[in-house]
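First comes the structure, then the notes that go with it.
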Amino acid sequence: MEYNSQTIEKKWQNYWAENDSFEPTEDFTKDKKYILSMFPFPSGRLHMGHVRNYSISDAIARYHRQLGKNVLHPIGFDSFGMPAENAAIKNNANPKTWTYDNIEYMKGEFKSLGFSFSKDREFATSDELYTKFEQGFIIDMFEKGLLYRKKGLLNWCPHDQTVLANEQVVDGCCWRCDTPIVKKDMNQYYFKITEYGDELLADLKKLEGGWPKQVLTMQENWIGKSNGLEFDLYFDEDSKAKLDSKFESFDVFTTRPDTVYGVSYTALAPEHKIVTYMIENNLLSDEVITEIKKMKATSSIDRQKEKSGVSLDLNVIHPLTGKRIPVWIANFVLMDYGSGAVMAVPAHDDRDWDFAKKYDLPINSVIKPFDGELDESKAFTEVGELFNSEEFNGMNSKKSQYNIIKYFEEKNIGKKTTNYKLKDWGVSRQRYWGAPIPFVHCDDCGLVMEKKENLPIALPEDVEITGEGNPLDNHPTWKHCSCPNCGKDAIRETDTMDTFVESSWYFLRFCASPENWEKEAFSKEQINYWMGVDQYIGGIEHAILHLLYARFFTKVFRDLGYIDFDEPFDNLLTQGMVLKDGAKMSKSKGNTVDPDAIIAKYGADTARLFILFAAPPTQELEWNDSAVEGSYKFIKRFFDRSSNIVKTDSIPTIEHSSLTKDEKFARKKVYEALKRANDVYEERFTFNTMIAGVMEAMNALNTQSNSDVWSEGYWILSSIMEPVIPHTCWEISDEYFSLNNLAPQKILEEVFVEDSITLGVSINGKRRTEIEISPDETKENIIAMAKDKAQKWIGDKEIVKEIVVPKKLVNIVIKG
RNA sequence: GCGGAUGUGGUGAAAUUGGUAUACACGCCAGACUUAGGAUCUGGUGCCGCAAGGCGUGGAGGUUCAAGUCCUCUCAUCCGCACCA
C-alpha cells in the first residue's frame, strides 16, 4: 500500500461520521470520562492554537474510548461577541449570518482533522435555545439578589463603545482593541461575585494537584484578600463647619495598624464623595477644582507615572493621639479599593513617602530596626521595634498588629476588616450581538423580570449595525413591549450580557441529552453522572477571567439547587502557545501557518503528530517546517513497514526464549513504549516522550525480520498511536487486525527479563568503562569484574569504598 | 515591587525515585541506490585535543560514594499582578 493521506483520512472521517463513533451513551452505569477543550469563538478559521488544543483533548479522549469508557468529548461555539459585530460593520453583513457561516466552515475543519467530538451535542451559545435557559438563570440570580443594577463608575472603552469588567481591562486598555479605557458613570448590572470571594479563594485548595500552581496563584492574587484595620477619622470643628456639617468623618483601611502612631496626613481618592460634595458646593478654589478634574480624567496608566495631589485645607483628629492631621487628595488613592481613603504613614510606606516629600508633609517614624540605626533618608518598611507609640513601645511591629486592632475594638473606634481586590462582575454591554438581559423598565413597576414562559427574549434580525451606539436601542420596535407585571407599555432592557456569561455554564449544557434540550437546560441526573470535567484543556490566557467566572457560576448553581458540587474542573491543563520565529503566531505579525494548508499538503495525522511530538503540551511550541516534514516521513515509514505484518485477528503468541537477541530487543522496546503510553495518557500527557518511545520501538523492529514480532509490534504500536494519528492507525488496523487491536493492551513482563545486563563502572563517580554481567551475578563477582576492568584507572591507589547499584552501575571510590 | 515559571548540543527536546547526561527528532556530514533528487536506505555527529585525555546541564558554593535532579546564594529570560493602603 502507498500512503495517501487524502484518501485514507477521508475514508475514516466518513466512516466515523456514518457510524456515530464518538457519541457518548446514556448508560450511566458505565465508567465515564469527561474530556473538554475550551470551545472556540467562530472567527472563521481554526488557527494552530486550536489544533493544538483539540489534538491534546482528542488524544486523551480516544485513549479512554479504547479502554471502553463512556467518553464525553464535546465541542461547541462561543458565538456571541464583538468580533461578529465588527465584521458585520466592515463587510456590511449580518452578525448572525457571519457567525453561522463561520461555524459551518469550522465544523468542516474539525472533521478534516479527525477530532472525535460528539456531533449530537454541538451547539452555539448564540442559539436561541441556549439564550432561553441562560436568561432563566439570570432571572433566578436576580431573585436571589446575586444580580443587581446600580449606577457606578465603570470602565468604558471609547472604541468599542461599551463597558468592560475589571478583568477585561489589561494595562489600562481594552483587552480586545487595546484602546485606553476611561471611567464613566453609568447604570449597570452586576453579578455579586464578591459574595463568593471567600469560597472562591478557599476552594482553590481543593484544586491543588489538579490545576497548575500558576493558575491557582493568579486567581489567589486576583481575589486579593487582605486583613487589616478599619476605623473612622473625625473632622475637627473648623473642618466640619466648612463642610456645612454634612460630613462627620470618613473611614480608612490599613493592613499596617502597627504604623498608626506614625500617621502624618490622610488622603482621599479624587472620586471620593466628600470631594464631590466640595466641588458641587463651591467649597474649593477654581485652581484646586481644575487640578482634581485633571486627575480624574487621567487614565489609570498615566496616573501611575507620577504622584500628585492637592490639599483640601481640612483636618481630622488622630483617634489615639488626638493630634490634628491634614486631609489631602492623592491620585494614587483608588476609589474602588477599601473606602477610597487612606491614612498615610510616610515613614513606613514608599508611596506615602514619595507624596510627603513632594508636598513637604511631616514624616513621623514609629518603627526602628531591631539593631542598628534607622535610616531616615527613605521609608523603613520592614519589621522592627515600635517607638513613639505610647503603650505599644518596644513591641515587635508585626506582633503588635493584633494588639493594636484589639485596642481599637476595645475602645470601639475601629474594627478588624477584610478587603478584597475582587470586584462585583459588571455584566451589561451596550452591544447587539449578545444575549439580551431579560428585564423590562416599567414606569409604574420599575425594573421587572421577564416571565420565564416568555423566554427566550431573542434578538431582532432586521438590525442596522453602524458601530455607533447600541443597535438594540436604535431599533424602531424591538424595545417596545408590555410590562410583564402590569401589562402597561414598557421598555425592554437594551443591554446585552457579557459573553463570559455564556462560557460560564456551557460545560454543564454538554451534559444534557440532546433529546431533552428543548425542555430543560440539563438534568441533575445527567450532571451528577458527567461532572466534574475530568480533564479540561485550554490556554493560560483564561487563567483568571473564564475560569474564575465558571467557578462562580458553579457555586451559584449549587446554591440554586441545580447541581450538587462545588468545583467544575477537576483537572486543568494549560497548553503553551504556538510560536513561529520565536513569536506568537498572529495575523498582524504575518507569521501564521494555516492548518488547512498543512492538512492539504501532509494530512491531519502529520499535523497532529508534529504538534504532540515537538514539545510537551504545557510548553511553548515552536513551529518548524522541516520537523513537520519529519513527522510526515515517520508516518509514511510507519505505514510502509506495515507490509511486514501477517494478518491476524488476535495478538500473536510468541515463545520469547526462542528468539534472537535482536528480536528480544525489539519486543522489549515495543512493551516499553506501551508502558510509557499508559502513563502518558493517564497522568503525564507528555506525548512527545511517548512518541519517541514508539519511534525507538520502530527502529528496533526494523533490525529484525521475525514476522510474529512485527505483527505483535504493530498490534501494540498502532493501538497506542491511534489517539495521535487515528486515520493511519485505523487504516493499518483494518487492513491487518480487523480493528481488534484498538483496545487495552496487556503488558508482558517476560520481555523485560534480560539475559545479560550492562553495568556502568565509575571511579569516584566518574564513568570510566562498563561490564557485562548475568542478571543473577553476585555482588562480590560484580565488584571483582569491575575492578579488573577498571584497573587502568585504579592503579595502586587505595580503594576506600565499593558501591553496587543493582542493574545500574558500580562505583569504586579510591583515595588520592 | 509581589507572585509564578524556565535556563541541558547547531535546533526542538529526553533523563518518572539522587545512580551510565544529551533518548527521540530536526539540522549537518559521509556513503549506498539513482539520469537526477528537495525521494529512499545505511552510518556518523556535545565541546577541546593528533592522541592519551580533559571539560561539560546559566554562574558560584554546599550536602553525597554519586547532583541536570537536593540545599544556599547569584545571573538571565519569560509570564501574571501591580500606587490594592
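What you see below is based on every heavy atom in this structure, not just the backbone, and it leaves out hydrogens, waters and symmetry mates. Chain letters run A, B, ... following the sequence lines, proteins first, then strands; residues in each count from 1.
Judged by closest nucleotide on RNA chain B, A:K213 is the one of A:K213 and A:G630 placed further toward the 5' end.
Nucleotides B:G56 and B:G9 have their P atoms positioned 14 Å apart, rounded to a whole Å. Between B:C81 and B:U20, the distance separating the two C1' atoms is 45 Å to the nearest Å. Distance check on atom C1': B:C33 versus B:U40 gives 8 Å, rounded to whole Å. Distance check on atom C1': B:A76 versus B:G27 gives 27 Å, rounded to whole Å. A gap of 14 Å separates the P atoms of B:A25 and B:U45, to the nearest Å. Spacing between B:U63 and B:A51 at atom C1', rounded to whole Å, works out to 37 Å. Rounded to whole Å, the P atom of B:C79 lies 34 Å from the corresponding atom of B:G46. When the P atom is used for both B:U6 and B:U16, the distance is 15 Å, rounded to whole Å.
Annotated stems with RNA chain B as a participant read B:1-7 with B:75-81, B:10-12 with B:24-26, B:27-32 with B:40-45, B:46-48 with B:53-55, B:58-62 with B:70-74, given as range with range, by first number; only runs of 3 or more Watson-Crick or G-U pairs under 3.5 Å qualify.
No donor-acceptor pair closer than 3.5 Å links the side chain of A:T618 to the backbone N or O of A:Q575.
Aromatic pair A:Y420/A:Y337: ring centres not closer than 6.0 Å. Checked against the 6.0 Å centroid criterion, the rings of A:F613 and A:F687 do not qualify as a close aromatic pair.
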In B/S/- notation (B base, S sugar-phosphate only, - none; protein heavy atoms under 4.0 Å), nucleotides 51-62 of chain B written 5' to 3' is --SS-B------
B/S/- contact track for nucleotides 37-42 of chain B, protein heavy atom under 4.0 Å
--SSSS
Contact pattern, 5' to 3', of nucleotides 64-70 of chain B - B, S or - by protein heavy atom under 4.0 Å
-BS----
Produce a footprint string for nucleotides 8-17 of chain B: one letter per nucleotide, 5' end first; B if the base is under 4.0 Å from any protein heavy atom, S if only the sugar-phosphate is, - if neither.
----SSSSB-
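A close approach under 4.0 Å does occur between a side-chain nitrogen or oxygen of A:R351 and OP1 or OP2 of B:C84.
Which of B:G4, B:C81, B:A23 sits closest to the side chain of A:W222 comes down to B:C81. Considering only side-chain atoms of A:Q214, the nucleotide from B:G19, B:G4, B:A23 that sits closest is B:G4. Between B:A85, B:C81, B:G4, one nucleotide has an atom nearer to the side chain of A:K421 than all others, and that is B:C81. Checking B:A25, B:A85, B:G19 against the side-chain heavy atoms of A:K808 singles out B:G19 as nearest.
Among the atoms of the strands shown, base atoms are found under 4.0 Å from some heavy atom of A:E306. Residue-level contact check: A:V252 touches neither bases nor backbone, having no heavy atom under 4.0 Å from any strand.
Ion pairing between a basic and an acidic side chain is recognised when a charged N comes within 4.0 Å of a carboxylate O; A:K669 and A:E672 show such pairing.
For the atom pair CG of A:L701 and CG of A:D662, the computed distance is 11.0 Å after rounding to the nearest 0.5 Å.
With sequence neighbours excluded, no residue satisfies salt bridge (charged side-chain N to carboxylate O under 4.0 Å, His left out) with A:E777.
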Checking A:I325 against A:M343 for the side-chain contact (heavy atoms from CB on, under 4.5 Å) test, could you report, in this order, the C-alpha distance in whole Å, the side-chain angles of both residues, the deciding distance, and whether it holds?
CA-CA 10 Å; A:I325 303 165; A:M343 64 172 220; over 6 Å; no
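Ring orientation note: the planes of A:Y549 and A:W425 are close to parallel, at an angle under 30° on the 30°/60° scale. Ring-plane geometry between A:H542 and A:H546 is classed as perpendicular, the angle between the planes exceeding 60 degrees on a 0 to 90 degree scale with a lower cut at 30.
At a cut-off of 3.5 Å, with distance as the only test, a side-chain donor of A:D424 or A:T194 sits close to an acceptor on the other residue. Side-chain contact annotation: A:D258 with A:S400, donor-acceptor N/O pair under 3.5 Å absent.
For B:G27, the glycosidic angle deviates from 0 by more than 90°, giving an anti base.
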